[in-house]
Structures are given as C-alpha cells and as structure tokens.
Amino acid sequence: MLNMGADPEPKIYRRDKHGIARNSISRSALKVCEILRSHGHAAYIVGGAVRDLLLGVVPKDYDVATDAHPDEVHRLFRRSHLIGRRFKLVHVLFGSETVEVSTFRAGEGGEADEHGRLLRDNVYGTRVQDAARRDFTANALYYDPHDETVLDYHGGYADVRKKTMRIIGDPRLRFREDPVRMLRAVRFAAKLGFSIDPKTRSPIRELADLLENVPAARLFEEMLKLLLSGHSAACLAQLRKEGLHHGLLPLLDVIVEQPLRERFLRLALEQTDTRIQGGKSVSPAFLFAALLWHEVLAAWKVNESKDMRSIPALYLAMDQVLDAQTDKLSIPRRLTTTMKEIWALQPRLEQRSGKRAFVLLTHPRFRAGYDFMLLRAESGEVPMELANWWTRFQDAELEERNAMLVPDTAPKKKARRRRKSKAGAAPEAAPVQDQVDN
Ligand code: ATP
Ligand code: MG
C-alpha cells in the first residue's frame, strides 16, 4: 500500500551458484519455514545465518522472516514464546535451540527522536520493505529452503564474496536511525575479517557521539555481543580505530596508556576469545570484572591514601567505579553482584594463613576469584608464587594443606583494633551482597 509502483525484483542465486548445502542448515530453522509454508505463508532464513552459510561459517543462531503475523506464528508452534522487546518476535524452541521468527517490517513510519533515532520499528511490511530496513547488505539475504534459492535486493551476495560490510541506504541516515549499527559494523568486520565499505565507514567518527543517546541497557547488550564474539581483541582494536570507544567503558579510553593495564586486559580478552572459539562458556561477570579491574585498583589506592582502611577502601572503590559506569553502559545487577565478589576476593586470596585459607576454598566464587588472580599473576600484578600456591592448595590433601599454611604476619589486629572505618563499610569477612546497595 505504501509502494504503488512495481516492487523491485531481487537477484536470485540458485543452489549451484551459492553452494549452500541443505544439510549444513539447522533442521529446526528448516522445519519452521516448512510449517509456515504449509500454512500458506512465505518464510525465509535471513540475516546472519545466510551470510555465515555463504562464508562456510557455522551460524550462531537462525533468524526466520515471514509474512505471518507474530500471533499466527505463535499459534502454529506449541513450543514458542511471543517476545515483546523492541518489536514483537516469536521464539520457537527446539531442545536447546531457539529459532527467532520475525514478521516482515517496513522500517519506516515509526517514531524518531530529535536526532533521527527510531524509537519504534514495528510497522509490518512486505519482503521488499523488510530487506530495505535491515542494516547491512550482507545481512539482508533471504534463503528460501523450498527451492534453495538466495534472494538478494541490495547486492549482499557480492559484498559477502568481497568481504565488505556495506550499510543499506544512506549511511548517515541509517546510523542516525540506530547508532548501534556503528558498533555492529565494527563487530561484524572484526569477527568475519571483513572491511567496512569506505562510504559506510566515513561518517562513523563524526556520528560516534550519537551512541550517548542509546539506552544504556541496549549498549550493554551490544557490548556483550562484541566481547563474546570470539574476536573481542580485534573488535576493541577496531572500535578504537573508528573512534567509537569514548564513553563506552572508561577502560577503552585508557587501554593503550598503561602497559600493565594493557597486558592484563589483553590476557583477559585473549583468554575469552580462546574459550569462545573452543566452544566453551564465558562468564560475562568475570569479563567485566577484568575490564574494570584497573579502575577499581586506581580508586582503591586513592581511597587508601585518604587514610581509609584497606578493605573499606576497596568496597568504596568498587561502588565508585560501578556508579561511574552505570550512566554510559549499565551493567545489570546480576552481574555487578558477582563482579564485586570476584574483586573482594582478591585481597583475601593474598592471605594464606590458618582458617582463612580453608574458608576461602568454600566460597561460592572461589573458582572465579582464583582464575582472576591467575590473570593478575600472569600480567605481573601479583607474584606467580601466590597463584601457584593456590593451585597446589586446592588439590592438596588436608595434611599437606596444613603444612602449606603461611603464618599470619600482618599487624592486622593492631591496625584494626580501634580505627573505626570512616566509610562505615562492614568488616572484610561479610558477604559482598550485604554491603552493596546500588
Ligand atoms: P549474529 O547473530 O551472527 O550476531 P546477525 O546478523 O544474525 O548476526 P542479529 O542481531 O541476530 O544479527 O540480527 C538478525 C538480523 O536482523 C540482522 O542480520 C539484520 O538483518 C537485522 N538487524 C539486526 N539488528 C539490526 C539493526 N540494528 N538495524 C537493522 N537491522 C538489524
Ligand atoms: Mg543472528
């Protein structure tokens, strides 16, 4: 109804040209398309999955686009949920796999803010319109399982072959509509080894500040995707290159300036990438604890220099760093609780005396705290001997453990006796959760 002229025709690539083997496609995604089709609907595999299949990469997950309304999709699949985030989507569940089904959308006609940012994008449309509202040409290919063709409205097929990320339409307009697309460009380029098309790339530096208008929770989600892409180091390097790092995380502003900091972060990111590439899971809390650790260290030092006792100074530093971070990119509470536990364990791991060492072994976050300390040791922040001690202590028999204990030499009692905490923080043995209220 919006488009009175004839719809543009897509280029069609057949099986012998695109080379995507049917058996390399998720059976769940095929099933979703087949069922929709058997009920008279159009249904295609779209987005990153088609791009990845063309590249011979195993897709992380599958998206399906259809002309069926979300309620209809939900009705057709018993094991499905209607998801109402920014737009209405349906998640169809197959065991541990989820296929995301979205209804063709028009992309235009939604409300925008004063910077041109689309506040809503939930006007249904045709397949042509759905292709035009997608972000990059490589992400706008439609695979039709029925006849095994790939439909291409925006030259995405050629761009995938040329390894180019190219935004659809006018770059300025599209980045204004949704500044997160700038981060997506960087993530895809770094992850897939693509280059960003010069015209797409050129306004990014100038528009970088628009990220400030993006809700902090969405920025966090995108940042997490970037860090868990398996190419986090490359992504961060590229963010810097495009001038997109300011204000996202303070660490990105300073990452290059301090060698120790950089070594620690590099190790943390490398470890994350290796785990992801090896199909292992990564704890976002651990990762963010690492990303902000040197901020915490710096604030801790400042607080101590103001004559605060060490542990209250650390707790205060943790809150200061997280508070400063929240405006830009809000780290969800479920993560900050764990991050604080990991941080709070660090000074405790430096004590290897008596009961304390044994108590630490039973701490629910001991493993994460220990892994974190290993990272600190590898980057030269604490002696490797300390890390090795804990490695041995964990596996040792009781008798050997007792023999390993290091006498408590710190003049703790005296220092602690009557100097009441100025910050009013609880003593160090208290669980972290009781102390933080943000
Ligand atoms: P991956 O899942 O590998 O990270 P993807 O391309 O599938 O990459 P998704 O976030 O899963 O990315 O989104 C699926 C598709 O939805 C994209 O390929 C793109 O076509 C479209 N899309 C996602 N986010 C946007 C956006 N901000 N603007 C326009 N289109 C988008
Ligand atoms: Mg996807």
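Just so you know, ligand 1 is whichever comes first in the structure, and atom 1 is the first atom listed for that ligand.
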(request) Using modelled atom types only, decide if a donor and an acceptor are shared between the side chain of D135 and the backbone of I167 within a distance under 3.5 Å. (result) no
(request) Could you pull out, from R181, R134, R184, the option with a heavy atom nearest to atom 16 (O) of ligand 1? (result) R134
(request) Please verify whether a non-hydrogen atom of E177 lies at under 4.0 Å from ligand 1. (result) no
(request) Taking atom types as modelled, find out whether R37 and H146 have a side-chain donor-acceptor pair closer than 3.5 angstrom. (result) yes
(request) With heavy atoms of G47 as the reference, note each atom of ligand 1 found under 4.0 Å away. (result) 18 (O)
(request) Please list, chain by chain and in numerical order, all residues satisfying ring pair (Phe, Tyr, Trp, His ring centres under 6.0 Å) with H69, sequence neighbours excluded. (result) Y124
(message) Is there a polar contact between ligand 1 and N139, counting only N or O atoms under 3.5 Å apart?
(response) yes
(message) Heavy-atom contact check, 4.0 Å cutoff: does E221 meet ligand 1?
(response) no
(message) Could you check whether D130 pairs with R133 (Lys NZ or Arg NE/NH1/NH2 to Asp/Glu carboxylate O, under 4.0 Å)?
(response) yes
(request) Could you pull out the closest heavy-atom pair between A290 and L375, with the gap in Å? (result) CB-CD2, 4.4 Å
(message) Quick check: R174 and ligand 1, any N/O pair under 3.5 Å apart?
(response) no
(request) Could you establish whether D61 and ligand 1 come within less than 4.0 Å of each other, counting only heavy atoms on the residue side? (result) yes
(message) Does R51 qualify as a cation-pi partner of F188, given the criterion of NZ or CZ under 6.0 Å from the six-membered ring centre and within 45 degrees of its axis?
(response) yes
(request) Under 4.0 Å, heavy atoms only, figure out whether ligand 1 is touched by the backbone of D135, its side chain, both or neither. (result) both
(message) Please determine whether any non-hydrogen atom of F136 lies less than 4.0 Å from an atom of ligand 1.
(response) no
(message) Within ligand 1, which atoms have a heavy atom of K225 less than 4.0 Å away?
(response) 10 (O)
(request) Ignoring angles and geometry beyond distance, decide whether G48 reaches within less than 3.5 Å of ligand 1 through its nitrogen or oxygen atoms. (result) yes
(message) Check this for me, if you would: do E270 and R275 make a salt bridge, where the nitrogen-to-carboxylate-oxygen distance has to be below 4.0 angstrom?
(response) no
(request) Using the test side-chain hydrogen bond (donor to acceptor under 3.5 Å, both in side chains), find all partners of T391 that sit at least two apart in sequence or belong to another chain. (result) Y370
